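Report on the following structure.
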Number of protein chains: 2
Amino acid sequence: MKQSLKSKSTQDLILNKSFEMFYSNGFKSTNIPDIMRKTSLSKGAFYHHFKNKHEIGIKVIENIITKRIQDGFIVPLEDYKNKNIPELLLYIFTERIKKFSEKEKELGCPANNLINEIGCSDSEFRILLRNLIDSWQIALVKVLEFGKAKNQIHSNVNCSALATCLIGSFEGIRGIRKIYDNNQIFDNYIIGITHYINAIKKK
Amino acid sequence: MKQSLKSKSTQDLILNKSFEMFYSNGFKSTNIPDIMRKTSLSKGAFYHHFKNKHEIGIKVIENIITKRIQDGFIVPLEDYKNKNIPELLLYIFTERIKKFSEKEKELGCPANNLINEIGCSDSEFRILLRNLIDSWQIALVKVLEFGKAKNQIHSNVNCSALATCLIGSFEGIRGIRKIYDNNQIFDNYIIGITHYINAIKKK
DNA sequence: ATAAAAAAATACTAATTAGTATGTTTTTAT
DNA sequence: ATAAAAACATACTAATTAGTATTTTTTTAT
């Protein structure tokens, strides 16, 4: 294989396996030899492509976790101009949860897991994760403001507050689900959030 | 000092310092020598009173974290019969957040931190934390049902779903707050949750 | 074809840390 | 007062793991 391609594909492999292990076991509990066992490569290969464990953490956030949130929760918000906003919110915050894989249900949100595991202690991780949540918040506010302008959302709604609550409750529920063995908590969340979104609709 | 008292007070000291360190640094990142440095006792004292790190983790959940949630969020729900339920909810979910210490704002909820750090991996921790959330959920549902019966809460509210959403959003917000340096996220949450609680009031 | 550079493997170092073994001090029961 | 037991301290072991140094293999440019 061409060297430049090989290098890129090895880096991607390490990146993906790192993400999987961080997601399943947490960042701190994952060690480099374990990651590399999953890639069938050696520790030497790891340190040839990455400076240290911190760097792979950063790159996993930048290249995988950020992309997952963007693709899953921000991009679907983008084409909002010819959509009914309350319906769009219901789609994103209830329909998508139903489509989660078992693994995603059991393991929670990769971003939220990292926020809670190392949000306080590592400032670089913290900033990237904050930017991610900020982007989501901004995209949501934009959509909510549009919905308000189009008379689809009641005028007494504070869009920034609502966006924060939608994100917070979604992440909180995904966290709490982790200690259960069934989806009752998601079912309850879906009922509750549907009720809430219906309540802010302009009749 | 009498031996039995001394033993108890040493155990309590180790327990409290362990909680503080787990809360600040996470469970996995906290080591026994660091805990014992804070108690000004030796490692030998630790292993005389506790079997291993896992046991102190269990006891911290049982004796400290559970008590904090109970005292802070379940006990205030108990004397609900002569209170207005929406007001009681507002008190617990908005007034109490305003009274948090800086540390509590920065470090999030000890229970939620543990849920997210080790909720998936350790079954004993998991069960204790689940029991804790279950107790909270049950206490909340009871109060909400009462509010519904007293015509203070709208009849179309699903009490179990609402309880789950209240707990989930509260924990989620406390988690996300950890990556910020200010209380904007709490301010937004308070506005949003106040709006929600007002929306379910029977007029 | 071959020298240089990149990729990857192997062997090693150094630090951390859970847990144990053993010794010393303090308290208690007689 | 003293033997036993509990409380605590010190010294050690063994395992883990991040990161480095060195060597081998593969690819590239000439």
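Being a predicted model, the structure only gives us computed values, none of them experimental. Note on naming: letters A, B, ... go to the chains in the order of the sequence lines (proteins, then strands), and numbering restarts at 1 for each one.
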For C:dA18, what is the paired nucleotide under Watson-Crick or G-U wobble rules, both distances under 3.5 Å?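 Result: D:dT13.
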
Rounded to whole Å, please give me the gap between [atom1] in [X] and [atom2] in [N].
X	N	atom1	atom2	result
A:I56	D:dA18	CD1	C1'	14 Å
A:N52	D:dG19	CG	P	5 Å
A:F50	C:dA8	CZ	C1'	14 Å
B:K53	C:dG19	NZ	C1'	12 Å
B:L5	D:dA7	CG	P	12 Å

Ion pair [X]/[Y], N-O distance below 4.0 Å:
X	Y	value
A:K103	A:E106	no
A:E102	A:K105	yes
A:D34	A:K38	no

If I take atom CD1 from residue B:I200 and atom CG from residue B:N158, how far apart are they, to the nearest 0.5 angstrom?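 So the CD1 of B:I200 and the CG of B:N158 are separated by 11.5 Å.
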
How long is the straight-line distance from CZ of B:F73 back to CZ of B:R68, given to the nearest 0.5 Å?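 Going from the CZ atom of B:R68 to the CZ atom of B:F73 covers 8.5 Å.
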
Assess the residue pair A:K148 and A:S155 against the criterion (side-chain hydrogen bond (donor to acceptor under 3.5 Å, both in side chains)); give the C-alpha distance rounded to whole Å, side-chain angles, the decisive distance to 0.1 Å, and a yes or no. CA-CA 6 Å; A:K148 220 160 128 175; A:S155 61; over 6 Å; no

[X] side-chain N/O to [N] phosphate OP1/OP2 under 4.0 Å:
X	N	value
A:H49	C:dA8	yes
B:T10	D:dC8	yes
A:H54	D:dG19	no

Has A:K83 got more than 12 heavy atoms of other residues, nucleotides or ligands less than 6.0 Å from its NZ?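 It does: A:K83 NZ has more than 12 such atoms within range.
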
Looking at B:Y189, does the NZ or CZ of B:R177 lie under 6.0 angstrom from its six-membered ring centre and within 45 degrees of the ring axis?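 No cation-pi geometry.
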
Can you list, in residue-number order, the parts of residues 24-37 of chain B that come under 4.0 Å of DNA chain D, counting heavy atoms only?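 Going residue by residue through residues 24-37 of chain B, none turns out to have a heavy atom under 4.0 Å of DNA chain D.
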
Please, which pairs that meet salt bridge (charged side-chain N to carboxylate O under 4.0 Å, His left out) have at least one residue in residues 50-64 of chain B, sequence neighbours excluded?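 Those involving residues 50-64 of chain B do not exist here.
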
Could you list by number each residue of residues 39-48 of chain B showing a heavy-atom separation from DNA chain C of less than 4.0 Å, or answer none if no residue does?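 Nucleic-acid contacts, sorted: B:K43, B:Y47.
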
